[in-house]
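In what follows, a single structure is set out as C-alpha cells and then discussed.
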Amino acid sequence: MQPLLESGGRMEEEPSNLPVSLWGRVSAFETRAREAYKRKPISHWILLVLSSAAMLIAFPASSLLSRVYYANGGTSKWIISWVAVAGWPLTALILFPTYLVCKTSPTPLTLKLTFSYFVLGLLSAADNLMYAYAYAYLPASTASLLASSSLVFSALFGYLLVKNKLNAAIVNAVVVITAAMTIIALDSDSDRYGNVTDKQYIWGFVWDILGSALHGLIFALSELVFVKLVGRRSFHVVLEQQVMVSLFAFVFTTIGVTVNNDFQGMKYEARSFEGGKSSYYLVLIWSTISFQLGVLGSVAVLFLSSTVLAGVLNAIRVPLTSIAAVILLKDPMSGLKILSLVVTFWGFGCYIYGSSSPSKDSS
C-alpha cells in the first residue's frame with residue numbers, strides 16, 4: 001500500500017469501491033502530513049502531542065470535577081466560577097519565559113486593547129457562572145453535550161462579527177448539532193437526578209445553552225481583537241490575551257464570591273463535604289489546575305497546528321467527557337443520549353470539513 005501512495009501514477013490500481021476523488025483526498029492528505037512531519041523538528045511534534053493530551057485530559061477532568069463538587073455537597077455556583085479563573089497565574093508563569101525564548105517584547109496595552117480585555121473578562125466571568133449553574137443541575141454527560149453547541153454560536157458570531165465565511169458543510173454542522181440538542185431536550189426525563197426539580201433541570205438546560213452562546217460570542221470577539229487591535233497572532237500574543245482576560249474575569253468573580261459571602265461558606269461546605277475537608281479542597285485545587293492546563297493546551301495546539309486540529313480535539317473530548325461521566329460518575333446514558341452523541345460527533349465532522357475546505361482550495 002505504501003509504494004502505491006508514494007507513486008502517484010499508480011493510484012488507479014486501488015480498489016474501485018471508493019470514489020477516485022476520495023482516494024485523491026486521502027493521498028493528498030497523507031502527502032501533506034509526510035511533508036509537514038519532515039519540515040518540523042521532533043520537539044515540535046512532542047509539544048503538539050503533549051498539548052493535545054492536555055486538551056483531551058484536562059478539560060474533561062475539569063468538567064467532571066465540577067460535577068463531583070455538586071454531587072458531594074457543594075452548592076456555590078460562584079466558587080466553581082472562581083476556580084475556573086483562579087489559576088490564571090499558571091498561564092502568566094508560562095507567558096513570561098516566552099519573551100526571552102522568542103526574543104520579543106510585550107504587546108503595548110492601549111486604552112482600546114485594555115478595554116477589550118476588560119469586556120472579554122466580564123463576559124468570561126458571566127460565561128463561567130452560567131456553566132456552573134448547568135453543572136449544578138445536569139449530569140456531566142448531558143452538560144458536556146449541550147456545551148458542544150458553542151460551535152454553532154462560534155460559527156454564527158464569526159460570520160456576523162468577523163465576516164468569516166460559511167459554506168454548506170458548516171451550515172450543515174449548525175443544523176446537525178442543533179438537532180442533537182433537540183434530541184437531548186426530548187430525553188430530559190431519563191437523566192435527571194432525584195434531588196433536582198423540574199424547574200432546576202430546565203434552568204440548567206437553559207444556562208448551558210446561554211453559556212454556549214456567550215462562549216461563541218467570546219470566541220468571535222477574541223478573533224476580532226486580533227484582527228482589529230493587535231494585527232498579529234503568535235503564541236505569546238494569544239497567551240497575553242488569555243492572561244489578561246482571565247485576570248479581569250478573576251477580579252469580577254472574586255467580587256461576586258465576596259459579595260455572596262461564599263469565601264466564608266467554604267468552611268461550612270468543607271466540613272459537610274462527603275469525603276471530608278481534604279477531599280473538598282483537592283477537588284477545588286485540581287479543578288483550577290486542570291482548567292488552566294486545558295487552556296494552555298488549546299493555545300499551544302492553535303499555535304503549533306491549526307484551528308482545524310483544535311476542532312478535531314474538541315470533537316473528541318465531548319464523547320470522552322460523556323463516557324468518563326458514565327463510567328466514573330455513573331451518569332445515566334439512554335438510547336436517545338447515545339444518538340445525540342453520535343449526531344453531535346457528525347456535526348463536528350461537518351464543521352471540521354467545512355473549516356478545512358478553504359485551505360484546500362487555496363493550496
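Just the heavy atoms: all of them, side chains too, but no hydrogens, waters or symmetry mates, feed the values below.
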Can I get a per-line list of side-chain donor-acceptor pairs under 3.5 Å for residues 341-349, giving both atom names and the distance, sequence neighbours left out?
residue, atom, partner, partner atom, Å
Thr344, OG1, Ser340, O, 2.7

Kindly give the heavy-atom pair with the smallest separation between [X] and [Y], and that separation in Å.
X      : Y      : answer
Ile209 : Phe153 : O-CE1, 4.0 Å
Ser150 : Tyr131 : CB-OH, 4.5 Å
Leu145 : Ser322 : CG-OG, 3.9 Å
Val174 : Ala155 : CG2-CB, 4.4 Å
Ala300 : Ser51  : CB-OG, 3.1 Å
Ser141 : Asp331 : N-OD2, 3.0 Å

At what distance, to the nearest 0.5 angstrom, does [atom1] of [X] lie from [atom2] of [Y]?
X      : Y      : atom1 : atom2 : answer
Leu229 : Thr107 : CG    : OG1   : 11.5 Å
Arg317 : Ser52  : CZ    : OG    : 13.0 Å
Ile255 : Trp78  : CD1   : CH2   : 9.0 Å
Leu224 : Lys163 : CG    : NZ    : 10.0 Å
Ser66  : Ile79  : OG    : CD1   : 12.0 Å

Would Leu161 and Leu217 count as a side chain to side chain contact (heavy atoms under 4.5 Å, CB included) if you check the C-alpha gap in whole Å, the side-chain angles of each, and the deciding distance to 0.1 Å? CA-CA 9 Å; Leu161 300 178; Leu217 176 61; 3.7 Å; yes
Met130/Asp208 under side chain to side chain contact (heavy atoms under 4.5 Å, CB included): CA gap, chis, key distance, verdict: CA-CA 6 Å; Met130 290 178 184; Asp208 208 339; over 6 Å; no
For Trp207, is the CH2 atom crowded, meaning more than 12 foreign heavy atoms sit under 6.0 Å from it?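 Counting other residues, nucleotides and ligands, CH2 of Trp207 stays at 12 neighbours or fewer.
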Below 3.5 Å, can you tabulate the donor-acceptor pairs from side chains in residues 111-127 to any protein atom, sequence neighbours excluded?
residue, atom, partner, partner atom, Å
Thr114, OG1, Thr110, O, 2.8
Ser116, OG, Lys112, O, 2.8
Asp127, OD2, His215, ND1, 3.4

Would you please test Val101 and His236 for side chain to side chain contact (heavy atoms under 4.5 Å, CB included) and show each step? CA-CA 10 Å; Val101 175; His236 83 274; over 6 Å; no
If we ignore hydrogens and angles and just use 3.5 Å, is the side chain of [X] paired with the main-chain N or O of [Y] as donor and acceptor?
X      : Y      : value
Arg67  : Ala140 : no
Thr197 : Gln200 : yes
Asn72  : Val68  : yes
Thr253 : Phe250 : no
Asn260 : Asp262 : no

Honestly curious: do Val175 and Leu339 fall in one hydrophobic cluster under the side-chain, below-4.5 Å linking rule?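 No, separate clusters.
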If hydrophobic clusters are built from ILVMFWY residues whose side chains come within less than 4.5 Å, do Leu47 and Ile57 share one?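 No, it is not one cluster - the side chains of Leu47 and Ile57 are not joined through contacts under 4.5 Å.
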Are [X] and [Y] packed together at the side-chain level, in the sense that at least one heavy-atom pair is separated by less than 4.5 angstrom?
X      : Y      : value
Ser212 : Leu146 : no
Pro139 : Leu329 : no
Ile46  : Leu50  : yes
Ile202 : Tyr137 : no
Tyr70  : Tyr135 : yes
Phe291 : Phe59  : yes
Tyr201 : Thr142 : yes
Ser290 : Leu65  : yes

Step-by-step side chain to side chain contact (heavy atoms under 4.5 Å, CB included) determination, Leu210 to Leu214: CA-CA 6 Å; Leu210 289 178; Leu214 188 53; over 6 Å; no
Apply side-chain hydrogen bond (donor to acceptor under 3.5 Å, both in side chains) to residues Glu240 and Tyr99 and explain how you reach the verdict. CA-CA 11 Å; Glu240 284 174 343; Tyr99 294 131; 2.6 Å; yes
Residues that Asn261 engages under side-chain contact (heavy atoms from CB on, under 4.5 Å), provided they are two or more places apart: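 Result, side-chain contact (heavy atoms from CB on, under 4.5 Å) vs Asn261: Gln264.
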Partners passing side-chain contact (heavy atoms from CB on, under 4.5 Å) against Ala54 (at least two apart in sequence or in another chain):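 Here no residue qualifies.
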Please tabulate, one pair per line, all N/O donor-acceptor pairs under 3.5 Å involving side-chain atoms of residues 269-276, not counting sequence neighbours.
residue, atom, partner, partner atom, Å
Glu269, OE1, Tyr69, OH, 2.7
Glu269, OE1, Tyr280, OH, 2.7
Glu269, OE2, Tyr69, OH, 3.0
Glu269, OE2, Thr75, N, 2.9
Glu269, OE2, Thr75, OG1, 2.9
Glu269, OE2, Ser76, N, 3.2
Ser272, OG, Tyr268, O, 3.1
Ser272, OG, Glu269, O, 3.4

What donor-acceptor contacts under 3.5 angstrom involve side-chain atoms of residues 80-97, with partners at least two apart or in another chain?
residue, atom, partner, partner atom, Å
Ser81, OG, Lys77, O, 2.9
Ser81, OG, Asn128, O, 3.4
Ser81, OG, Leu129, N, 3.4
Trp82, NE1, Thr254, OG1, 3.1
Thr91, OG1, Gln292, OE1, 2.7

